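In this text, all values refer to a predicted model and were calculated from it rather than measured experimentally. Every chain is numbered from 1 and lettered A, B, ... according to where its sequence line falls, protein lines coming before strand lines.
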Number of protein chains: 4
Amino acid sequence: MPSQPEPSPPESRQPDPQRRSERSRRAILDATLDLCAEHGYGPVTVEAIAARAGVSKKTIYRWWPSKGAVVLEALHEAADPVSGFPDTGDLRADLLTQMEALLRGLLGSPRFGRALIGLIADTHHNVELAHGLQTVLFQPRIDDGRARLAKAREAGQISPDADLDLAMELLYGPVYYRLLLHQGDLHGGTELESLVDHALRALAP
Amino acid sequence: MPSQPEPSPPESRQPDPQRRSERSRRAILDATLDLCAEHGYGPVTVEAIAARAGVSKKTIYRWWPSKGAVVLEALHEAADPVSGFPDTGDLRADLLTQMEALLRGLLGSPRFGRALIGLIADTHHNVELAHGLQTVLFQPRIDDGRARLAKAREAGQISPDADLDLAMELLYGPVYYRLLLHQGDLHGGTELESLVDHALRALAP
Amino acid sequence: MPSQPEPSPPESRQPDPQRRSERSRRAILDATLDLCAEHGYGPVTVEAIAARAGVSKKTIYRWWPSKGAVVLEALHEAADPVSGFPDTGDLRADLLTQMEALLRGLLGSPRFGRALIGLIADTHHNVELAHGLQTVLFQPRIDDGRARLAKAREAGQISPDADLDLAMELLYGPVYYRLLLHQGDLHGGTELESLVDHALRALAP
Amino acid sequence: MPSQPEPSPPESRQPDPQRRSERSRRAILDATLDLCAEHGYGPVTVEAIAARAGVSKKTIYRWWPSKGAVVLEALHEAADPVSGFPDTGDLRADLLTQMEALLRGLLGSPRFGRALIGLIADTHHNVELAHGLQTVLFQPRIDDGRARLAKAREAGQISPDADLDLAMELLYGPVYYRLLLHQGDLHGGTELESLVDHALRALAP
DNA sequence: CTATAACCGAGACGGTACGTCGTGTCTTGAT
DNA sequence: ATCAAGACACGACGTACCGTCTCGGTTATAG
C-alpha cells in the first residue's frame, strides 16, 4: 500500500524501543479482530482482548491509548493486502473489481464490518481516533480511487471536467449506506454493475 | 406521518398501564438528546440521563430495555415533525427539499447526527434494537421516498421500468457516507443538486 | 396478660379510625411471622410481607412505622397466650414451668427466636423500636417474674433480703446466652433444673 | 492468644496472593468499626465503608464475602489484645478481672457492642458467617475460660465433679442478657462480684 | 559475560457505571 | 377514608471494566 509509508505504530508514546515483543503484538491484533467478529465492536473490552491474547492489560495500554486504536491498527493490517486499486486499463472492470473487494471485505466478513462500524462511532467522541481513522484507513483508499479516476481522465476515457469527488460519493455512498442500514445484507453483484454504470455516466465525456 | 400508523410506545413490557408519568418520560427523552449532543452517544450513561432528568434509574429501566432504546424513541419523536415527503408535483424540487431537510437534521444538528451514528453501532450487537431502528426510524422514511418516486412513475415523469431502490441508494447513500466519513462536515447545497440530478438521470425515461 | 392493658396498636399515627381492616391486619402479622420463620428477620422485607399478605405496602406503612414494629406486634400477639407466670404455690415447679415455656417459645420455634434476635438488633439503632420492645415484650414478663419472686419472699419461701434482680439474671441470662451463641441448639431439660436450682440457692434464706 | 493458632486471614477465596495491600486492609477494618460505633451495625453499608476507607467496593468484595465477614475480622483483631484469660492463682480474682474486661469491651465501648449484636443477628441467616463467628470469636474465649476452670479443678480449688459448662453459662449469660435487653446500661461492678460469687458457689467442693 | 534496564505476565488497586432490589411516599380507581 | 395496585425518587447492592500501579521473571543489548 504505497500511500502508507509509515507502517510503524503511530500511537507509541515514550516507552518504545525495539524491545517490543512482536509475538504479543500479533496475539493482541488477532484476538481483537476475532472478538469483534464474535461479539461486535461495542461489547469487546480491553480486558477480554488481554485474556484472549494471553497478554497483560498493561502491555496493551503501553502501546495503544484505547480499544479503538487497537482495532484501527488491526483493521489496517488486515485490510492492507486486499487494497490497492487495480489498473488494467479497463476502467469499468477495475471499478467493479475494487467495489467487489470492498463489499466482500466490509460486509461479507464479520471480522471487518462489525469492527468498523463501532470504530467509526467511537470516532465521534475521540478526535485522536478520528484523525487516525481518516489517516490510516480512509484517506489512502480515497486517494487511490481518485488517482485511478484522474488517470482515466488524463487518458480521455472520461470527461475532462468530470467531478471526481461526486463520482466517489456515488460509488462508495451506497456501500456504506448498506453497511449501516441493512447490516451486511448486501444484494448480489448485479446491482453493483448498475452502481458503477451510473457513476460512469456521471463521468461521461 | 401516515406510514407510522402505530404511534403507541413500541417498547412497552408488562408493567405498563397508563399510570406512567408523562412528565418523567419527557424529561428523560429531552435529557437524552441533550447529553448526546454534548458528549456523543457512547459516553452517555443511563445514570447521567437519570440525573439530568431528575428521575430514578429504575424509572428508565421500567420503560426501556437499554440506553439505545431510549435514544431511539427520543430520535423518533424529535424527527417526527420534520419528516413526511413533500409532494408539490415537481419531483426534482421535492427531492431537493427532502434531502436538504435530511442533511440538516442528520448533520447540521449535533442533537441528531451524533446520537444516530452511535445508535446504529449499538444495533450491530443488539437485534431487538436493530429491529426497532429499522421499524421506527428507517423504513417509514424509505417507504415515503419510494412512494413519492412511484407516484412520479405513474405520472409518467420517470421511466416506467426505473429502479426505485437504486435511486434511493444513489440519493441517500452519499448522505450517510458523509455522516460516517466526514463527521458532519457537509459541503454546500450545490453538491446536493448534483446528487439529485444524477439520481434523476438514473430514472429518466 | 394483665400487665398489658392496652392491646390496641401502639404505633398508630393520625389516620386510624376503626375503619381499619382487621382482615388485612391479621394477614400482615401472619405473613410476617411466617416469613421470619422461613428466612430469618434480616432478609424479610416490607415488600415481601405485603405480597404474601395480599396487601399494599401503603397499608403497612399506614399502621406501622417500620418492619420492626410489625414484627414486634406480631411477636406480642403470638406470645400473649403463652405467657403469664404460673402460681401453684410451688416456687421451684413454677419457675421450671415458666423457663420451659420460654425456651420452647424462643428456641424451639423458628417463628419466634429468629424473629426476636433480629428485632433486638434493629433496636440498637432505633430508639422508638427499643422503647416498644421493652414496653411491649420484655418489661411485662420481667415484672411478672419479679412479682412471682416477691410473693415467694413475702411467703417466707426465700430470704427476706434476696436480690430478685440478680435471680432474674441468673435465670434468664443463660437462656439468651444460648439463643445468641448456639442458635437454638438448646440442650435438654436437665440443665434447666440446674439453672433453677442455682438461682434458688442464690435466693435461699 | 494461644487458642487462636491460625491468625492468617480466614476468609481468603481464590484471588489472594500476598499482593494484597495491607494499607487498604487496615483502612477498611478501621472504617468498619468506626461506622459501627457511630450508627450501629444495621445501617452500615459496604458502600459507606469503602468511601470512608478511601477504597473501592471491589477491594472489599475481593477479600470478604459480606459486610458481616468484614465486621467479624475487625472485631477479631480489635478484641485480640484484650483477651487471654488471666491466671494469678486466685480464681475469684481472675474471674472478676476477665468479666470486667468483657463487660468493658462489649458494653462499655460502642465500637464493639453495637457491632457484635448486629453481627450475631446476621449470623441467623448466613451459615458461613455463623461458623466464622463461632470459630473466630466465641469458641476460643469459651475454651480459655473452661481451661482456667479446669485448671482450678485440678488444683482442688473447686469440686472435682463441678459442671464447668453450667458455670460458664452462669457467668456469661447475664452479660449477654444485659447486652440484649439493656443496650449497654451495665450497672456497676458490685453486681459483677455477686455474679462471680454465685458461679463459684455452683462450683464449690 | 555479566549487569542493568526495558518489556512482559499477572493481577490488585481506586474508580465509574451497570442493572436490580428495597425503601418510604404518592396517586389512581374501586369498594 | 381505606384498600390493592403499583409508579415514583432515592440509594445500596454486588459485578464488570476502566486505566494506573506494583510485582517478579525473563530478555537482550551495553559495558
Side-chain angles (χ1 to χ4, degrees), chain A residues 14-25 27 43-51 53-67, chain B residues 15-21 23-25 27 43-51 53-67, chain C residues 15-21 23-24 27 43-51 53-67, chain D residues 15-21 23-25 27 43-51 53-63 65-67:
Chain A
Q14 60 269 62
D16 189 0
Q18 295 78 328
R19 323 268 315 254
R20 179 168 188 183
S21 156
E22 177 58 20
R23 185 169 165 9
S24 294
R25 203 185 78 96
V44 171
T45 67
V46 173
E47 205 119 28
I49 294 173
V55 137
S56 91
K57 284 199 293 174
K58 179 85 190 197
T59 300
I60 296 182
Y61 284 113
R62 178 151 38 223
W63 303 109
W64 293 276
S66 66
K67 173 178 79 165
Chain B
D16 189 357
Q18 306 64 337
R19 324 277 304 278
R20 180 167 188 180
S21 157
R23 187 172 171 351
S24 294
R25 205 185 76 96
V44 170
T45 67
V46 173
E47 203 122 24
I49 294 173
V55 137
S56 85
K57 283 199 290 176
K58 177 88 189 203
T59 297
I60 296 182
Y61 285 112
R62 180 154 31 227
W63 304 110
W64 293 276
S66 65
K67 173 178 79 166
Chain C
D16 188 358
Q18 293 80 330
R19 323 268 314 253
R20 179 169 189 181
S21 155
R23 184 168 165 9
S24 294
V44 170
T45 67
V46 173
E47 204 121 31
I49 295 173
V55 138
S56 91
K57 285 199 295 174
K58 180 82 189 197
T59 299
I60 296 181
Y61 284 112
R62 179 149 38 225
W63 304 109
W64 293 277
S66 66
K67 173 177 81 165
Chain D
D16 188 359
Q18 305 64 339
R19 325 275 308 279
R20 180 167 188 182
S21 156
R23 186 173 170 352
S24 294
R25 204 184 78 96
V44 170
T45 67
V46 173
E47 202 121 25
I49 294 173
V55 138
S56 85
K57 283 198 291 175
K58 177 86 190 200
T59 297
I60 296 182
Y61 284 113
R62 179 154 33 225
W63 303 110
S66 66
K67 174 178 79 166

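Remark: P of F/dC23 and CZ of D/R20 are 17 Å apart, rounded to the nearest angstrom. Here the C1' atom of nucleotide E/dC18 and the CH2 atom of B/W64 are 18 Å apart, to the nearest Å. Whole-Å rounding puts the A/E22 CD to F/dT27 C1' distance at 16 Å. Nucleotide F/dA12 holds its P atom 13 Å from the CD1 atom of D/I60, rounded to whole Å. The nearest whole Å value for the distance from the CD1 atom in D/I49 to the P atom in E/dG14 is 14 Å.
For C/T59 and F/dT2, the shortest distance from a side-chain N or O to OP1 or OP2 is not below 4.0 Å. Dashed line: the shortest gap from a side-chain N or O of B/W63 to OP1 or OP2 of F/dC8 is under 4.0 Å.
Under the 4.5 Å side-chain criterion, counting only non-hydrogen atoms from C-beta, B/V46 is not in contact with B/W64.
At distances below 3.5 Å, at least one donor-acceptor pair connects side-chain atoms of A/K67 with backbone N or O atoms of A/V44.
Nearest approach of C/T59 to C/S24, heavy atoms of both residues: CG2-CB, 4.5 Å. Between B/A50 and B/S56 the shortest heavy-atom distance is CB-C, 4.2 Å.
Distance NZ/A/K58 to CD1/A/I60: 12.5 Å, rounded to 0.5 Å.
No cation-pi contact links D/R25 to D/W63, judged by a cut-off of 6.0 Å to the six-membered ring centre and 45° from its axis.
You'll find that the side chain of B/S24 is closest to F/dC8, out of F/dC8, E/dC8, F/dC3.
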What nitrogen or oxygen pairs link the protein and nucleotides 1-3 of chain E at under 3.5 Å?
none

Legend entry - Protein proximity profile, nucleotides 21-31 of chain E - base contact B, sugar-phosphate-only contact S, no contact -, cut-off 4.0 Å on heavy atoms: BBBBBBB----
